[in-house]
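This report refers to the structure that appears directly beneath it.
When a ligand or atom number is given, it counts from 1 through the structure's own listing order.
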Amino acid sequence: MSEGEGREPLADIFRRLIANTGPISLMHYMGEANARYYSSRDPLGGAGDFITAPEISQMFGELIGLWLTDMWVNAGRELPVHYVELGPGRGTLARDALRVAKRYGLEPQVHFVETSTALKDIQLETLPGAQWHHDLSSVPPYGPVLVVANEFLDALPVRQLVKTPDGWRERMVMPEGERFVCVAGTQPMDAAVPEARRDAPDGTIIETCPGAAAAVYEVAGRLIEQGGAALFIDYGYDQQRDGSTLQAVRAHLKVDPFVGPGEADLTAHVDFATLAQIAQSRGVRWLGTVPQGRWLRELGIEARAQALAQVAPQHAAAIDSAKERLIGEGQMGVLFKVMGLAAPGWPGGAGFHG
Ligand code: SAH
């Protein structure tokens, strides 16, 4: 039973709004759709719409916990220290990471940045000691921060500009029959396009994610002020490129993003190249952006899987297949990337070399 039941469908609200004031931007559409989507349900897991790495296996959170601990220990074990997770879902990653960290003496204050009340309730059960924040601004401004964001940036709304015969326009959304469609806006947007790109062929789409840029900018500022390190994990690309990457997932299947807004998870691929530039522009060290499979292997996922299988031989096959899902080339191993950031003076971080 979802909290959203009984509420007016978002599609109807959009129709009314657009009838009154004209087409809305794609960014507005995606932002409202995901705010509704996440506030009204737990989308994770077999019975939900999609599954994420920490829900596939405890090994994922454990290796992240080891990475963070290694950074903190090598940087001098400064206290107080904060674990800050953006969009923590069910809290599974935090639970697994912090269990391992504790074994090595790292017991940080836990901060969850989460807007969904439905997920907040679940996080409260998983980690009752955590503090909740609507955004990063209320996280304490002293003591190093260990920041983790898994499949968070991809949920933030993107803005799309399209080249038309009349110049660059923002992509707007309006109803057409039962669904919605994208149309070019009327406002000239040429000034928002880098000069080198302005002559692109008609139909070219440039996608940006102001929310992701702002999140990385803010995290980078915290790293500079307070010390610490950050991991951003998501599917995306490490070279800038054109085109729309907007997609929708419902019940583990790709569906039309322009049908039933608020009923499916809308995502876009993360532009890690731009985010690395933003972090570096603040003076933070970009440790690298590497494929998830490679990163997890370098952190020792094979050994961890073997150890788990020895303790629970009856689960050996399941452990092995979970490991394959996380690192396999056709699975999450290549499409998903891990971007590492660190404060000046902090160590280089395992998994980002070679
Ligand atoms: N990290 C978790 C969940 C990923 S789903 C995992 O790997 O399983 C995306 C998460 O980001 C959810 O917790 C969702 O509620 C949260 N989220 C989405 N948009 C947000 C926003 N604008 N601010 C804060 N959290 C947001």
* Between the candidates Leu156, Leu136, Asn34, which shows the shortest non-hydrogen contact distance to atom 19 (N) of ligand 1? -> Leu156
* atom 2 (C) of ligand 1: which protein heavy atom is closest, and how many Å away? -> Gly87 O, 3.4 Å
* For atom 9 (C) of ligand 1, find the nearest protein heavy atom and state the residue, atom name and distance (0.1 Å precision). => Glu151 O, 3.3 Å
* Asked: Does the N or O separation between Leu86 and ligand 1 drop below 3.5 Å for any pair?
  -> no
* If you measure from each non-hydrogen atom of Asn150 to ligand 1, which part falls under 4.0 Å: side chain, backbone, both or neither? -> both
* To do: Quick one: look up the protein heavy atom nearest atom 12 (C) of ligand 1 and list residue, atom name and how far away it is.
  => Leu119 CD1, 3.6 Å
* Applying a 4.0 Å heavy-atom criterion (strictly less than), which segment of Ala149 is in contact with ligand 1: side chain, backbone, both, or neither? -> neither
* Structure fact -> Sequence neighbours excluded, the answer for salt bridge (charged side-chain N to carboxylate O under 4.0 Å, His left out) partners of Glu302 is Lys323
* Structure fact -> A student checking ligand 1 against Gly89 at a 4.0 Å heavy-atom cut-off should list atoms 2 (C), 3 (C), 13 (O)
* Asked: Any salt bridge between Arg294 and Glu298, counting N to O under 4.0 Å?
  -> yes
* To do: Just jot down the ligand 1 atoms closer than 4.0 angstrom to any heavy atom of Ser116, in number order.
  => 15 (O)
* Structure fact -> Here the atoms of ligand 1 under 4.0 Å from any heavy atom belonging to Pro54 are 6 (C), 7 (O), 8 (O)
* CG of Asn34 to CG of Asp154: how many Å apart, nearest 0.5 Å? -> 8.5 Å
* Asked: Are the side chains of Trp132 and Leu124 in touch, meaning some heavy atoms are under 4.5 Å apart?
  -> yes
* Heavy-atom side-chain proximity of Glu207 to Arg171 below 4.5 angstrom -> no
* Structure fact -> Check: of Phe112, Tyr38, Phe50, Tyr37, min heavy-atom distance to atom 18 (C) of ligand 1 comes from Tyr38
* Any side-chain donor-acceptor pair under 3.5 Å between Thr245 and Tyr237? -> no
* Asked: At what distance is the nearest protein heavy atom to atom 8 (O) of ligand 1, and which residue and atom is it?
  -> Thr52 OG1, 2.5 Å
* Asked: Just checking, is any N or O donor in the side chain of Ser137 or Asp135 under 3.5 Å from an acceptor N or O on the other one?
  -> yes
* **All pairs passing side-chain hydrogen bond (donor to acceptor under 3.5 Å, both in side chains) where residues 177-198 contributes a residue, at least two apart** => Arg179-Asp256, Arg197-Asp242
* To do: Examine the proximity of ligand 1 to Thr115 and report which part, side chain or backbone, both or neither, has a heavy atom under 4.0 Å away.
  => both
* Structure fact -> The closest protein heavy-atom partner of atom 15 (O) of ligand 1 is Glu114 OE2, 2.5 Å
* Angle class for the Phe14/Phe180 ring planes (parallel below 30°, perpendicular above 60°, tilted otherwise)? -> perpendicular
